[in-house]
Structure formats: C-alpha cells, structure tokens
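The structure under discussion appears below in the form of structure tokens.
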There are 2 protein chains.
Amino acid sequence: MRLLLVFAALPFLMAAEDAGMPKPKFTSDGKLVRPEGYREWMFVGSSLGMGYTEGQVPTKPTYHNIFIQREAFQEYKRSGKFPENTMLVMDVLNPGKDVSINKQGSFSDGFVGFEVALKSKKVDGGWAYYNFIGPTPGKPLAESKAFEKDRCWNCHNQHGAYDNVFLQFYPVLRDARPVAKSGH
Amino acid sequence: MRLLLVFAALPFLMAAEDAGMPKPKFTSDGKLVRPEGYREWMFVGSSLGMGYTEGQVPTKPTYHNIFIQREAFQEYKRSGKFPENTMLVMDVLNPGKDVSINKQGSFSDGFVGFEVALKSKKVDGGWAYYNFIGPTPGKPLAESKAFEKDRCWNCHNQHGAYDNVFLQFYPVLRDARPVAKSGH
C-alpha cells in the first residue's frame, strides 16, 4: 500500500521537478540577480575568439561555453519552443596554453565572468540581455541591469537562427530542435 | 497521511535516482557499447586544437567538449573521488568559421565522434580508454575495443593531475574538487 502511494505520487513529484527550473530573480529596482549553479545546467556549445566585425582582430580571444536550464532544454527538445524564463548563459573563460603536456592549441581555463539572455514576456521584444562580467576576472557581478534594446536585441533578432537564439552556433540545440529533425 | 508517506518515500526515490547513473554496457566479447545521451550529462571543459608533441602542427584542429555523468560529478564534488563506472566522454567537433555573422574565431560545429575514459576495477590500472570515432564524421562506432594500456593509460597516469584525469584542463572539475577548495 505504501509503495502504491509512492508510485501514485510520482507524477506530482516529477511535476514538482519541472517547476524547479531555475527562475530569474530580480532586485527591487529590476536588476537581474546573478544566477548560480549554471555550470551544472545543460551545455549547448563552445567557441573561441568569435567576432562579428569584418577585419576586427580580437585583442584577447576568449572561450565562450553556453548553458541552458535543463528543464528549458527538455521543453525545447519536446516542442521546439523555448519556454518563458529560459536563460542562456554564456560563460567566458581565458584560454590556457602551454600548461602541463599541452604544446598546441588551448583549453578553456580561467573563469572571467558571464552574460545572460533571458526570455521574458515582461520585456519589449521578448528577450533581455545582461552582463555579469565585472572588473575582476572570476568575480562576476552580483546583479546586472538589462542592456538597452539596441545593444544586443537587434543583432540577436536579426541574425539569431531561431527566436533570437544563435542556434547556428550551438550544435546541441540545432540538432535537438524537432523541426530540424523532420527536415524543415 | 498520504502526503506524509510521500515525503517519507522521498529519500528512497532520490537514492533510486543516484542508482540511475548511466552505466557502461559491454558486448559479449568485452567491447564497450556506444554510450547514448552523453551530451545531456555534465560539461566540464572545452579545448581547441590541443596537441602534446613539441613542434607538431595539427593538420586539422578540432574542438573537444568533455562530459561526465551528472551522478559521477555529484559524487566527485562531495567526496573528491570519481566513483566506479565514471565515464568521461570527449566529444570531437570540427570548427565552424565564417558562418552567419561570424568573422573571427570559430565555434564547435560539426560532430565528428567521441572517445571515452572509463573507470573500472575490472581493468588493469583502473581506467580503460575507447575510441568511437568512425570513418564517417557524425557516425560514431556502435562498439569499441579498449586501447592497449600503453596507448592512453600511461600518459593519463603520468600527466593527469588527479586519478588519471586531466583536471588541469577541466576548470569545472578543478574548481569542484573538495580538496582544492580547502587549499590543498
């Protein structure tokens, strides 16, 4: 009987787990509070030294490792849509070179800080963008005010392959999208 | 009363979740069956074009994105030890360049295949190494025979910062190690 009740309760427990998607928290003046634990979310892609301006040479190429809440990913994989409160976190790391036995190339080494894209019906355009990179590498800001819309949103909206997101750079998201699987 | 039973059952349900760590599966002749779903495991680090031989220029630099079972990570974070059946998967991807708005640098783009390090008391030295990269990029092998011990194990054992693992290249594992936190 006890076991039966446990199994009867399973769907509720699972629903509770879905409801456990890490949600954005805000200060009283509307800044986003630094999300914690995002490195245990789901990873969707990495890059090194990306730059979007012809001829520009980045002075110091950095690794970008991108994460999304696991629950947001599962919903995306199921429906092809990013749910409300989806957060994509772009972790920025300095490259490590000539460390230990490594003689060529580099690896994502020292944490610098991160930026966040937040899907929210409360903001004009449906997505807000935040920078948590502070003056000291590895010490991200405690809170962040959203960028003005013309700073990030425009480019994401114009060039992001789907719903303001650069799917074209995130192979895991690209491949998991249900419509992509059916050839559309 | 029903609710009380549910809460009483929670520890058992959580234990069942731990027991759900993806385990290695083997063919009857001892080959490792290709692990599935590892891109939903936990990500621990990325690299581009790593090479270990002085003066060697890799003909085609690839991204390596490294994953570990989430349950193995949680145990490692708690105790500092990788549990039996820990798998570290090195996903190999070709870089994408000049795609969409990208003008500099590159991103991890096309899946090539992957390699696996498996912690197992059944093998001499405690770790076995497998290659699932097949002749066709994006079509990893269905099964793989462990490398001879002198192919991978020696270098991992000699140069891996901890327990045959290149912690020095995986900032998430490096930072999560309890002994590292206490300054040792």
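Each chain gets a letter, A, B and so on, in the order its sequence line appears, and its residues count up from 1. Because the structure is a prediction, the values reported are computed rather than measured.
- With respect to chain B, the highest number of heavy-atom pairs below 4.5 Å among Pro95(A), Ser106(A), Gly96(A), Ser100(A) belongs to Ser106(A).
- Contact of Asn65(A) with chain B is made through the side chain alone, with heavy-atom distances under 4.5 Å.
- Looking at Phe111(A), the atoms closer than 4.5 Å to chain B (heavy atoms on both sides) all sit in the side chain, from C-beta outward.
- In terms of heavy-atom proximity, Phe73(B) sits nearest to Glu40(A) at CE2-OE2, 3.4 Å.
- Interface residues of residues 116-135 of chain B toward chain A, defined by a heavy-atom distance below 4.5 Å: none.
- Taking the six-membered ring where the residue is Trp, Phe43(B) and Phe43(A) present parallel rings, their angle staying beneath 30° rather than reaching 60°.
- Residues of residues 144-160 of chain B that come within less than 4.5 angstrom of chain A, heavy atom to heavy atom, are Cys155(B), His159(B) in numerical order.
- Arg70(B) and Trp41(A) get closest at one heavy-atom pair: NH1-O, 4.0 Å.
- If you measure heavy-atom distances from Phe166(B) to chain A, the contacts under 4.5 Å come from the side chain alone.
- In this structure, the separation between CZ on Arg39(B) and CG on Leu173(A) is 12.0 Å, given to the nearest 0.5 Å.
- Cluster annotation: Val44(B) is connected to Val112(A) through the hydrophobic network of ILVMFWY side chains, with a link wherever side-chain heavy atoms come within less than 4.5 Å.
- Considering all non-hydrogen atoms of both residues, Leu93(B) and Pro171(A) come closest at CD2-CG, 3.8 Å.
- Minimum interatomic distance between Tyr63(B) and Leu48(A) (heavy atoms only, all atoms of both residues): OH-N, 2.9 Å.
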